[in-house]
Amino acid sequence: MRLIEASDLSFDQMRERFRWNVPARYNIGVDVCDRHAAVGDRTALYLENGQGETHTCTFAELRRLSDRFANALAGLGIRRGDRVGIILPQCVETAVAHIAVYKLGAVALPLSVLFGPDALAYRLADSGARALVTDAARRDLVESIRGDLDDLDHVIPCDGKPGGFQDLVGAASDAFTPADTRADDPAILIYTSGTTGPPKGALNAHRCLLGNLPGFELSHDFFPHEGDLMWSPADWAWTGGLLDVLLPALRYGVPVLGFDGGRFDPERAFSLLGKYRVRNAFIPPTALKLMMQIREGAARYGVSMRSLMSAGEQVGAEVFHWAEEAFGVKVNEMWGQTEANYLVGNCAAVMDVRPGSMGKPYPGHTVEVIDDAGNPVDDGMVGELAPRRDDPVMFLGYRGREDATREKFAGDRFRTGDLGYRDSDGYY
């Protein structure tokens, strides 16, 4: 089931021997959900909200709900290639909506629950989203901007009111045949932060999930193991929460903990890790720094981790050593972008993890350090980090912005805009 099996090979030998096997036809929704039909009674999601209310969802339930919602969307006129906005917290409806959209052949538009009216309106208008799935907490916000969104035909609230998500799912059929999508067909549209100019919609293909898997497996020390359970405080609307946690974990049949509790609380984080016996986590450096302030939090809540990945900014030696002492595992730092994710990182199980380094390119990925002219520079020289255009994880382009897409490439290299260097041992 893994792409990379644990062996006596070194990290560099794994890189040398790895070969991609991306099928021509591939669908994310089928891969993360329908493929688990034989173990449908296995828990897929553990959910808890800020009031401490809990429930679970099995893979069989996830399949039934997503098939029904895909039928409901089709009944509303949503077709292959249409964009469907999803602005929800970590809850079962978020997972169901994503899987349904992929199986329908439409394009998921993840939207952060932190977006205000301007940010939300811009993304919905720029993407031409035809439908939006939201909840009671954001329904008034959505209605306040809906008049400016000519393409938005349907707002589907998950608040239990008539005509909403629950009614649509309840009235739909269980029988659904997923779209026969190509691996290169568009699946996810995630907007970048926009360091220059307005945010741009990075369009990712179904194959992007497969491209994430070598790094995902190794950053969690040969994921999965028996008893693994995944959690992250990262919003499932971001690449970090969606493609680094929710979708790959489900793909391996490993349950994911979702917590809908508002702003990050380090004490609550320790409590969740202990209560659900979370074994694997993606925790950004900022969150780890907040958790450092909780004295003996891991010991107090009985936290027992197997793997810990971190990304988004440099972890640093202080946080690295604290996490190793607190959790009993080394932090596997990782680097990637919305346009090309999970490119470089660590795997403490087979390599020396060096605080301050983000590791080496994971198997299947090549990253050069280039100068302004696009030429590779020598080891030790700072330049722009540039993966290959033909990498399976590489995005399709910025939707509706062909010029901006062209400007990001130097020959067969993608210009990430991030600066770094490679040392003489191959660490970045």
Side-chain angles (χ1 to χ4, degrees), residues 4 6-18 211-222 240 244 282-286 288-289 307-325 329-391 393-394 408-428:
I4 304 171
S7 67
D8 58 359
L9 296 178
S10 69
F11 186 90
D12 292 335
Q13 288 171 328
M14 290 178 185
R15 281 183 40 79
E16 292 170 4
R17 298 191 183 190
F18 182 84
N212 274 265
L213 296 183
F216 178 76
E217 290 182 1
L218 293 180
S219 70
H220 290 287
D221 296 328
F222 296 100
D244 298 354
F282 160 42
I283 306 179
T286 298
L288 287 173
K289 291 172 185 176
S307 65
L308 175 59
M309 186 274 282
S310 192
E313 60 181 289
Q314 191 177 64
V315 172
E318 182 182 8
V319 175
F320 178 89
H321 292 305
W322 169 83
E324 184 176 13
E325 181 178 350
V329 297
K330 289 182 169 65
V331 179
N332 285 323
E333 192 165 353
M334 181 275 288
W335 170 78
Q337 293 193 333
T338 301
E339 296 91 340
N341 191 39
Y342 247 122
L343 294 166
V344 176
N346 291 278
C347 177
V350 293
M351 64 189 288
D352 179 29
V353 178
R354 303 178 181 180
S357 163
M358 59 189 185
K360 299 181 178 183
Y362 284 120
H365 304 296
T366 302
V367 179
E368 293 286 357
V369 184
I370 62 175
D371 60 21
D372 291 342
N375 301 311
V377 302
D378 294 334
D379 287 349
M381 294 183 62
V382 174
E384 188 172 6
L385 302 175
R388 292 180 59 89
R389 181 192 289 263
D390 61 359
D391 193 308
V393 83
M394 184 62 62
K408 292 290 286 186
F409 288 94
D412 64 349
R413 298 290 176 184
F414 175 69
R415 290 187 171 277
T416 64
D418 284 348
L419 302 180
Y421 69 93
R422 181 177 54 217
D423 69 16
S424 58
D425 293 323
Y427 283 80
Y428 285 61

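Keep in mind that what you see is a predicted model, and the values were worked out from it rather than measured.
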Are the side chains of Asp12 and Lys360 in touch, meaning some heavy atoms are under 4.5 Å apart?
yes

Tell me, yes or no, whether the heavy-atom count around Glu313 atom CD, taken from other residues, nucleotides or ligands under 6.0 Å, exceeds 12.
yes

Could you tell me the separation between the CG atom of Leu419 and the CD atom of Glu384, rounded to the nearest 0.5 Å?
6.5 Å

So Phe222 and Val350, do their side chains get closer than 4.5 Å, heavy atoms only?
yes

Looking only at heavy atoms, the pair that brings Pro355 and Ala317 closest together is CB-CA, 3.8 Å

Less than 4.5 Å apart, side chain to side chain, heavy atoms only: is that true for Ser219 and Tyr362?
yes

Give the intermediate values and the outcome of salt bridge (Lys or Arg N to Asp or Glu O under 4.0 Å) for residues Arg413 and Glu368.
CA-CA 8 Å; Arg413 298 290 176 184; Glu368 293 286 357; 3.6 Å; yes

To the nearest 0.5 Å, what is the distance between CZ on Arg388 and CE on Met394?
10.0 Å

If you define the side chain from C-beta out and look only at heavy atoms, does anything of Asp412 sit under 4.5 Å from Asp390?
no

Heavy-atom side-chain proximity of Val344 to His365 below 4.5 angstrom:
no

Separation between CE of Met309 and CD1 of Ile283, rounded to the nearest 0.5 Å:
10.5 Å

Are side-chain heavy atoms of Arg15 and Phe11 found at a separation under 4.5 Å?
yes

With a 6.0 Å cut-off (strictly less than), is the heavy-atom count around CD of Gln13, excluding the residue itself, greater than 12?
yes

Donor-acceptor contact present, side-chain Lys408 to main-chain Phe414, <3.5 Å
no

Please check if the number of heavy atoms outside Tyr428 that lie under 6.0 Å from its OH is greater than 12.
yes

Glu324 (side chain) donor-acceptor with Val331 (main chain) under 3.5 angstrom:
no

Which atom pair, heavy atoms only, marks the closest approach of Pro363 to Leu218?
CD-CD1, 3.5 Å

Any idea which heavy atoms bring Pro285 and Ser310 closest together, and the distance?
CD-OG, 3.1 Å

If we ignore hydrogens and angles and just use 3.5 Å, is the side chain of Glu333 paired with the main-chain N or O of Val315 as donor and acceptor?
yes

Any donor-acceptor pair under 3.5 Å linking the side chain of Asp425 with the backbone of Tyr427?
no

What distance do Asn375 atom CG and Ile370 atom CD1 have between them, rounded to the nearest 0.5 Å?
8.0 Å

Would you say Asp221 and Cys347 make side-chain contact, with heavy atoms under 4.5 Å?
yes

Keeping Asn346 on the side-chain end and Met351 on the backbone end, is there a donor-acceptor pair under 3.5 Å?
no

Determine, stepwise, if the pair Asn212 / Asp244 fulfils side chain to side chain contact (heavy atoms under 4.5 Å, CB included).
CA-CA 8 Å; Asn212 274 265; Asp244 298 354; 3.8 Å; yes

If I take atom CD from residue Gln337 and atom CG from residue Leu343, how far apart are they, to the nearest 0.5 angstrom?
8.0 Å

As an exercise, state the distance from CH2 of Trp322 to NZ of Lys289, rounded to the nearest 0.5 Å.
12.0 Å

Heavy-atom pair with the smallest gap, counting every atom of Asp379 and Arg422:
OD1-NE, 2.7 Å

What heavy-atom pair brings Gln314 and Gly356 nearest, and what distance separates the two atoms?
NE2-O, 3.2 Å

Looking only at heavy atoms, what is the nearest atom pair of Leu308 and Ala323, with distance?
CD2-CB, 4.2 Å

Quick one: are Asp423 and Arg354 in side-chain contact, heavy atoms under 4.5 Å?
yes

